[in-house]
Amino acid sequence: MNSTPRPSADPLSDTEHRSDPLSESEPGSDGGGSWATYVFAVCRSDHRGSLDSARGHAGGGPLRRLTLGSLCAIVQDVPAAEFSEAALRERLGDAAELERCARAHHGVVTAAAAGGPAVPMPLATLYLGDERVHAAIGENQERFRLALDRVTGRAEWAVKVHLTQTGTTARSAAPGTPEGTAPGPGPGPGQVSGRAYLDRLRSRQHLREQHRESALSAAERVDVAVRELAVGTVPRRPHGPEVTGKDRTQIMNTAYLIAEDRSAELAATIGRLRASPEFNGVEIDISGPWAPYSFTDGGDLAGHP
């Protein structure tokens, strides 16, 4: 790995391409380990948003802007040994460490997006020095510019629809059928025939299926309503019970790219849908605004598979 000395730049300084390494006597250079350039996001070169709320990865240098012609990359110098392929494989295989890395990455991307349009780069986007960043991103400036144009003045919103266990139970209980009633040998208090018991089970199953169909119809209504406000949509695979909990079944998980000045319309639309009787037993979760992760593939734009 090429050795790239750690810079002594101020956190918000514009860092031009450096061909000469810092001398060991300059601040920030310890003359020891090697450093890699971690790229969080790509913005326009006139990006002046504050990054004070973000710190990047522990043990790394200050966040800085690396000018790339009409673009700039939000980067951080990180210890190469801690971000090698082997080290990352081990670190990201640990759930707690993965969460720490993801939060650090997301914090910088969020700060960058708050100051203007930004293309988020994938987690652990690393180069062997600034020169490699220039080569990878500089050669694809037009693609990045088009992506930035698309997300300017827009943000990502996540909308999820869940079928709740409470709603399912309420709608699936057959009238006049006490829970837990089991078949018995013959007539008597609390006893039903085997056939009647099976009929009630089938009835409950039928009602559960009806409720699920109703929930899918409700989710379709949500999607149609939000699409009217959006300029882009990315459906995602619904999460399983390990994420949603055993009492909720996720039936819709979609990202929408929506103009920043339509966020109030989005909130009003979701409010009306939630108040509809059709949504009894159905929950709508909405989160955002987020940086446009789903609508700008930074890794692909930079030529990575």
Side-chain angles (χ1 to χ4, degrees), residues 40-41 49 53-54 98-99 102-120 122-123 147-148 150-171 211-298:
F40 296 93
S53 62
L98 172 60
E99 182 177 359
R103 286 184 179 277
H105 183 91
H106 178 64
V108 178
V109 171
T110 299
V119 172
L123 180 68
L148 288 166
R150 186 189 186 206
V151 300
T152 296
R154 296 163 175 165
E156 178 172 329
W157 290 83
V159 181
K160 301 178 175 66
V161 178
H162 299 89
L163 171 63
T164 65
Q165 186 66 36
T166 301
T168 302
T169 301
R171 294 193 184 189
H211 182 42
R212 180 171 177 82
E213 288 300 317
S214 296
L216 290 172
S217 176
E220 185 176 355
R221 278 190 61 191
V222 173
D223 182 56
V224 169
V226 180
R227 279 177 184 267
E228 292 182 358
L229 305 174
V231 297
T233 305
V234 176
R236 299 198 175 281
R237 184 188 299 275
H239 293 131
E242 67 280 358
V243 175
T244 65
K246 65 179 182 179
D247 293 332
R248 300 201 307 172
T249 301
Q250 190 170 102
I251 56 178
M252 176 180 138
N253 178 17
T254 306
Y256 298 90
L257 187 64
I258 298 176
E260 293 172 351
D261 60 5
R262 305 198 74 175
S263 59
E265 289 181 73
L266 175 62
T269 296
I270 297 299
R272 285 194 298 271
L273 290 169
R274 285 172 173 163
S276 171
E278 182 181 341
F279 286 80
N280 182 30
V282 176
E283 292 180 354
I284 309 173
D285 291 344
I286 180 172
S287 62
W290 304 111
Y293 286 97
S294 302
F295 301 93
T296 55
D297 189 337

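Side-chain contact between Ile258 and Ser263: absent, with no pair of heavy atoms (C-beta onward) separated by less than 4.5 Å. Between Thr254 and Val161, every side-chain heavy-atom pair lies at or beyond the 4.5 Å cut-off. Using a 4.5 Å cut-off on side-chain heavy atoms (C-beta onward), Asp223 and Tyr256 make contact. Using a 4.5 Å cut-off on side-chain heavy atoms (C-beta onward), Ser276 and Arg221 make contact. Counting heavy atoms from C-beta outward, Val109 and Tyr293 have side chains that approach closer than 4.5 Å. Arg274 is listed as a side-chain neighbour of Ile286, based on a closest heavy-atom distance under 4.5 Å. Counting heavy atoms from C-beta on, the side chains of Leu273 and Phe279 come closer than 4.5 Å. Looking at Trp157 and Pro289, their side chains come closer than 4.5 Å, going by heavy atoms from C-beta outward.
The structure places CG of Leu123 at 12.0 Å from NE2 of His106, a figure rounded to the nearest 0.5 Å. The line from CG of Asp261 to CZ of Arg154 is 10.0 Å long, rounded to the nearest 0.5 Å. To the nearest 0.5 Å, atoms CG (Asn280) and OG1 (Thr164) are separated by 8.0 Å. We find the CZ-CG distance between Arg262 and Leu229 to be 4.5 Å, quoted to the nearest 0.5 Å.
Side-chain atoms of Thr244 and Gln250 form no donor-acceptor pair, as typed in the model, at a separation below 3.5 Å.
Taking each heavy atom of Thr233 and Phe295 in turn, the nearest pair found is N-CE2, 3.6 Å. For Thr296 against Pro120, the heavy-atom pair with the smallest separation is OG1-CD, 3.2 Å. Residues Val119 and Ala147 share a closest heavy-atom pair of CG2-CB, 4.0 Å. The two atoms that bring Arg236 and Ser294 nearest to each other are NH2-OG, 2.5 Å, heavy atoms only. Across all non-hydrogen atoms, the minimal contact from Ala112 to Ala41 is CB-CB, 4.4 Å. Across all their heavy atoms, Arg150 and Val231 have their closest contact at NH2-O, 4.2 Å.
Within the 3.5 Å criterion, the main-chain N or O of Lys160 finds no donor-acceptor partner in the side chain of Asn253.
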**Study point:** Derivation and outcome, side-chain contact (heavy atoms from CB on, under 4.5 Å), residues Leu163 and Leu216
**Key:** CA-CA 9 Å; Leu163 171 63; Leu216 290 172; over 6 Å; no
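The neighbour count for Glu220 CD, taken as heavy atoms of other residues, nucleotides or ligands under 6.0 Å away, does not exceed 12.
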